[in-house]
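Chain identifiers are assigned alphabetically (A, B, ...) following the order of the sequence lines, protein sequences preceding nucleic acid strands; residue numbering begins at 1 within each chain. Source: prediction; values computed, not measured.
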Amino acid sequence: MMRLYDTASGEIVPLSLRNPGEVSMYVCGPTVDNLPHLGHGRFALVFDVLRRYLEFSGLEVVHISNITDIDDKIINRASKEHREPSDVAEEFEAAWWAAMDSLGVERPTNSPHATDYVERMVDLIGALAAKEMAYETPDGVYLDAGKVDGYGLLAHQPLDSLRAGARIETHGEKRSPLDFVLWKKAKPGEPSWDSPWGPGRPGWHTECVVMSLDLLGEGFDIHGGAIDLIFPHHENERAQAVALGIDFAHHWVHNGWVMVEGEKMSKSLGNFTSLSDLLEHHDPRAYRLLVLRSHYRSPIEVTPSTIEDAEKALERLDAMARRFDVGGYLSTWSGAPRSYDEGAVSLFHSAMDDDLDTPRALASVFELVTRANVRADSGRLDEAQILADTAALICAAMGLDLVDDSTRTDHGTLVQSLVEQRDRARKERDWSSADLIRDELVARGFVVEDSPAGTVVRRR
RNA sequence: GGCGGCGUGGCCGAGUGGUUGAGGCAGGGGCCUGCAAAGCCUCGUACGGCGGUUCGAUUCCGCCCGCCGCCUCCA
């Protein structure tokens, strides 16, 4: 059984499932007020890898990830740009999915939208008010954090110390800085829904409670997100469930930061913040590799140099894919009529079962690549093939598709004819012509390799 | 002020109380190749500092230094 770090207990614990064989997982998704950035990409990749690995292990995974499509930042942007908030949300949700597709992130089982759940959120807030866990003020409805048992569990700080450390003056009508808004009463011109407290919109922390419970039910298995969501977002989600006596998430999983030059990534730093930017200039798989290369709870440094490093490492894997033709079943390990190295597969499981140790898993892939090449170099092709297939299988289990484009011949007739001319020249041992043609192909942006079957070219 | 994380070779990044320091990238040497590319072999004598525990610490404990984060919206 897999073991995972649980933020609530602060320990690596066995992942116990509500229903054996089935994993229910809720991962906090993006607020669609802007283009996705690298941090979004990381959390999406981390939980995509977790999901794929659980599925690879034979479990059925129900993966829910929401879209926050109503929020102050969306409203602000809309009013600045003289458009409807829903228009802004639609634009950036489209950008979100485009980026996810490009990264090869599997679509969640379901991606609920906050605006589809406002009524249920009103119901939940009403229930909190009825239990006197919440109070109304002229500007909204707030949850009284001090009344919640164990508030501060996820933050690992007692209520008093959180309260003492509050850096922000109490604003609005909050009684305590730790209380948080459940319902914001609408100001003129703001989008609003009806409620017992007048027209308004829900606060951020309520949607995930309602949507996760609706789609996964009480006591679901995993609640995930990036580390910054621990406090206050997840703390406040949990607080609402606790206040209502509802069994909430059993396991809290959080991934670490994306850093840029030693500091938490922030938009003011400029370089590489937009995910689309990165994906435009680099192989999207390189970002996945970069994410896999360090542990999910560690910060990762994303710079041009670390991305390029990952791209080169990827090239080694792709070269193996070309050499051994493992391209036929990428991402679809099930039913692949291949043999695998059982020892390597079980090593992969022990790495991944140990708190999703992808660095170890990845290291074992590279070892397989070397072993496969060594076998092949000494003519033991069947053994080599098994090792190469195993490496590709493990990559696929982590969502990393290797590219085998050696059989691509649609580079155009000119290139095709250059390749033929070169092969002819080589056959006639006319090395200087062969080299000239190679230079020409390289100048046209191709990598040229000689193989027993003749010249092989591919775009670089 | 409170809470937490980190500091490993040229770079990235794992890991461990003890003979042989994952993996990748870069670099040196060699093999292979007509030459390359790809591939293979090989070279690197690391764990911020000071104490302590120990037969023995990079790994445990304490202190210090440095960096980072959370306590506010944030993936």
RNA chain B: 5'-proximal contact among A:Q157 and A:S294 (nearest heavy atom):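 That would be A:Q157.
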
Contact nearer the 5' end of RNA chain B, comparing A:P299 with A:N373: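 The residue closer to the strand's 5' end, by nearest nucleotide, is A:P299.
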
N/O (side chain, [X]) to phosphate O (OP1/OP2, [N]) under 4.0 Å:
X: A:S298; N: B:A14; value: yes
X: A:S378; N: B:C40; value: no
X: A:R316; N: B:C40; value: yes

Aromatic plane relationship, A:H233 with A:H205 - under 30° parallel, 30 to 60° tilted, over 60° perpendicular: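 Tilted.
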
Pair of N/O donor and acceptor under 3.5 Å linking [N] base with [X] side chain:
X: A:D160; N: B:G2; result: no
X: A:D377; N: B:C31; result: no
X: A:R426; N: B:G34; result: yes
X: A:R438; N: B:A36; result: yes

Touch check for [X], heavy atoms < 4.0 angstrom, all strands: base, sugar-phosphate only, or nothing?
X: A:S364; answer: nothing
X: A:H254; answer: nothing
X: A:P232; answer: sugar-phosphate
X: A:A363; answer: base

Over-ring placement of A:R458 relative to A:F446, 6.0 Å and 45° cut-offs: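 No.
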
Would you mind reading off the distance between [X] atom [atom1] and [N] atom [atom2], rounded to a whole angstrom?
X: A:I300; N: B:G5; atom1: CD1; atom2: C1'; result: 16 Å
X: A:F366; N: B:G23; atom1: CZ; atom2: P; result: 11 Å
X: A:E367; N: B:A14; atom1: CD; atom2: P; result: 16 Å
X: A:E315; N: B:A37; atom1: CD; atom2: P; result: 13 Å

Ring centroid separation A:F248 to A:Y26 under 6.0 Å: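 No - the distance between ring centres of A:F248 and A:Y26 does not fall below the 6.0 Å cut-off.
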
Near-ring test A:H349/A:F56, centroid separation under 6.0 angstrom: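 Distance test on ring centres: under 6.0 Å, yes.
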
Pair A:E237-A:H223, side-chain donor/acceptor within less than 3.5 Å: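 The criterion, which ignores hydrogens and geometry beyond distance, is satisfied for A:H223 and A:E237.
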
C1'-based separation of B:G48 from B:G7 [nearest Å]: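 6 Å, rounded to whole Å.
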
